[in-house]
There are 2 protein chains.
Amino acid sequence: MNSEIKKRVLIVEDDKEIRNSFMVIVNSSSQFSVVNGYSSCEEAIKHLNTDKPDIVLMDIELPGGMNGIKGAKVIKDKWPVADVIMVTVYEDSEMVFEALKAGASGYITKSANYRELLAALEEISKGGAPMSSKIARLVIDNFHVNPNSPLTKRETEILQLIAEGKTYTQISEQLFISKETSKTHIKNIYAKLQVKCKSEAIAKANLEKLI
Amino acid sequence: MNSEIKKRVLIVEDDKEIRNSFMVIVNSSSQFSVVNGYSSCEEAIKHLNTDKPDIVLMDIELPGGMNGIKGAKVIKDKWPVADVIMVTVYEDSEMVFEALKAGASGYITKSANYRELLAALEEISKGGAPMSSKIARLVIDNFHVNPNSPLTKRETEILQLIAEGKTYTQISEQLFISKETSKTHIKNIYAKLQVKCKSEAIAKANLEKLI
DNA sequence: GGTGGTTCCCTCGGATTGGGGTATTCATTT
DNA sequence: AAATGAATACCCCAATCCGAGGGAACCACC
C-alpha cells in the first residue's frame with residue numbers, strides 16, 4: 001500500500017516505553033503510520049494542524065494539567081475528523097462513559113498486544129467502534145431500562161413527560177386527561193419514589209433507569 | 001462437552017426456513033443446544049418456565065400482535081436471566097435503540113452465516129455484547145455530546161441542573177450565584193435555543209446532545 | 001368481592017416562572 | 001484603545017404552577 005494513503009495515527013502517552021512500543025507496532029502495518037507521539041495532550045493539541053491525524057491513540061491517565069478525557073474533548077473540538085481511541089489500564093465504568101461523552105470512539109487497554117492494537121485501528125477505520133467484550137456489555141447495559149420499576153405504565157408515561165419539562169397543563173393536554181388527573185398521578189409517583197418535587201423525581205428516575 | 005452444561009438457546013423466528021437453519025447451526029455446536037423454536041413471542045412466553053433459556057435469539061419483525069421489541073421486554077421481565085440477541089434484516093438506528101432499551105444485549109442480522117451466529121452466542125456467553133461494527137459505532141456515537149453547542153460553559157452547567165429538575169433557587173444555591181443571575185443565564189439559554197420554557201429547553205438539549 | 005390502576009374533583013397559599021429592562025466587571029480580541 | 005463576549009447582579013410584574021390535604025367513581029383482573 002502506498003504511504004500516501006496510509007492512515008495518520010497520533011499517539012499521546014506519557015510512558016515512553018509504551019509509546020515507542022505502540023509506534024513500532026503501528027508503523028509495522030501497511031495501512032497505518034505514526035505521524036507523531038507526545039507525552040502530553042497540550043503538546044499534541046499544539047501540532048494538530050500539522051500532524052493532521054486520522055486516528056488518535058489517547059492515554060487516559062496522563063500526568064499534568066490535562067487528562068485524556070479533557071484531551072479527547074479538545075482534540076475533537078479542534079480536529080473533528082480524527083477518531084479517538086482511549087487507551088487505559090482500568091476499565092472503570094464511570095471513566096468509560098466520560099470518555100465516550102468526550103468524543104472517544106474506541107476503548108482499548110494498555111495490555112493490548114500488537115494484534116489487538118492493529119485490530120482496533122482497522123475496526124475504527126472501517127467505521128466501527130473497537131472495545132472489549134466487557135465494555136461493549138457495559139455500554140449496552142447502560143441502555144436497558146429497569147424492568148423492576150415500581151411505577152405503572154401510565155405513571156412512567158407521565159414521568160417521561162416531566163423529564164421533557166412538561167407542566168401539569170401540558171401533560172393533561174397531551175394525554176387527553178384532566179389537569180387534576182395528572183396531579184394525582186404525579187403525587188403517586190412522588191410517593192413511590194419517595195421524592196417531593198419534579199427535580200428529585202427526574203434525578204431518581206435517571207439514576208434508576210426508570211425511563 | 002456434556003450436554004448437561006450446554007447453554008440453552010431459544011429461537012423466536014416466524015420464517016420456518018431461517019428458524020430451522022438457525023436450529024441446525026446452534027445444535028452443531030458443542031457449547032449450545034436449542035431448547036425450542038417458536039414462530040411467535042406469545043408461544044415463547046408461554047413456555048419460558050419449562051424452556052428455561054440462557055440465550056434467546058429474537059426476530060424483530062414478527063407478524064401478529066407482538067413484535068420482537070415488546071417480546072424482548074416481556075421475556076426479560078418473566079425470565080430475566082436470559083440474554084436476548086435481536087435478529088433483524090435492517091440496522092435501523094431507531095430500532096436498535098428501542099431494542100436495547102427493551103433489554104437486548106446483542107444485535108445480529110439475518111444474513112449471519114453459521115460462523116457469525118456461533119460467534120455471537122459465544123460472545124454473549126462470555127459476558128460481551130455481540131453486534132456489527134456499524135451498530136457498535138451507532139451506539140458509541142449516541143454518547144457523544146455535541147461539540148458545536150451554542151451554549152457557554154456556564155450555560156451548559158445550568159442546563160444540566162435544569163435537567164435534574166432544579167429550580168432557580170436551587171441552582172443559585174448550588175453555584176453560589178444570586179437567583180437573578182440564574183435567571184439571566186436561563187433567559188440567555190432560551191434565546192439561544194429558541195425555546196420559551198424549561199420543558200422545551202431540556203427536550204431540545206437531549207435532541208441535540210447538548211448535555 | 002377485593003385489589004390495583006386510572007380517572008376526576010375540591011381548596012389553599014406560597015413559590016416559581018418567564019418577560020421586560022439595565023448595568024458592572026473581567027478577559028480576550030481586534 | 002475599543003469592542004466583544006461571558007458572567008455576574010438587580011428591578012418590576014403578572015400568571016401559573018406547585019405540592020399537600022382531602023374524597024370518589026369506574027373498570028379490569030384475580
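Lettering follows sequence order; numbering is per chain, from 1.
- One can place CD of A:Glu200 at 15 Å from P of D:dC18, the figure rounded to the nearest angstrom.
- Using cut-offs of 30° and 60° on the angle between ring planes, the pair B:Tyr38 and B:His47 is parallel.
- Checking B:Ile177 against B:Pro150, the closest nucleotide of DNA chain D that is more toward the 5' end is the one next to B:Pro150.
- To the nearest angstrom, P of C:dT7 lies 12 Å from CD1 of A:Ile186.
- The closest side-chain donor-acceptor pair between B:Glu180 and B:Thr184, if any, does not fall under 3.5 angstrom.
- Between the NZ atom of B:Lys187 and the P atom of C:dG21 there is a distance of 10 Å, given to the nearest Å.
- Here A:Lys198 lies in heavy-atom contact (under 4.0 Å) with sugar-phosphate atoms only.
- Note: CZ (B:Phe176) to P (D:dT8) measures 13 Å, nearest angstrom.
- Counting to the nearest Å, the C1' atom of C:dT16 and the CD1 atom of A:Ile162 are 16 Å from each other.
- Here C:dC8 presents its C1' atom at 13 Å from CD1 of A:Ile158, a figure rounded to the nearest Å.
- Between the side chain of B:Lys7 and the main chain of B:Phe32, no donor-acceptor pair closer than 3.5 Å is present.
- In this structure, CE on A:Met86 lies 13.5 Å from OG1 on A:Thr109, to the nearest 0.5 angstrom.
- Residue A:Thr181 is in base contact, counting any heavy-atom pair closer than 4.0 Å across all strands shown.
- Within 4.0 Å (heavy atoms only), B:Lys196 reaches sugar-phosphate atoms of the nucleic acid but no base atom.
- For D:dA20, the OP1/OP2 oxygens have no side-chain nitrogen or oxygen of A:Tyr190 closer than 4.0 Å.
- At the phosphate of D:dT8, OP1 or OP2 sits under 4.0 Å from a side-chain N or O atom of B:His185.
- Between the CZ atom of B:Arg154 and the C1' atom of C:dA27 there is a distance of 16 Å, given to the nearest Å.
- With hydrogens and angles ignored, a donor-acceptor pair under 3.5 angstrom links the side chain of B:Lys183 to the base of C:dG18.
- Checking the phosphate oxygens (OP1, OP2) of C:dA15, no side-chain nitrogen or oxygen of B:Thr167 falls inside 4.0 Å.
- Of the candidates D:dA9, D:dA6, C:dT17, the closest approach to any side-chain atom of B:Lys192 belongs to D:dA6.
- Between A:Ala163 and A:Ile202, the shortest heavy-atom contact is CA-CD1, 3.9 Å.
- At D:dG5, none of the side-chain N or O atoms of B:Thr152 fall inside 4.0 Å of OP1 or OP2 (strictly under the cut-off).
- Side-chain to base pairing of A:Thr184 with C:dC8: one donor and one acceptor N or O lie within less than 3.5 Å of each other.
- The side chain of B:Glu180 lies closest to D:dA9 when the candidates are D:dA9, C:dC8, D:dT16.
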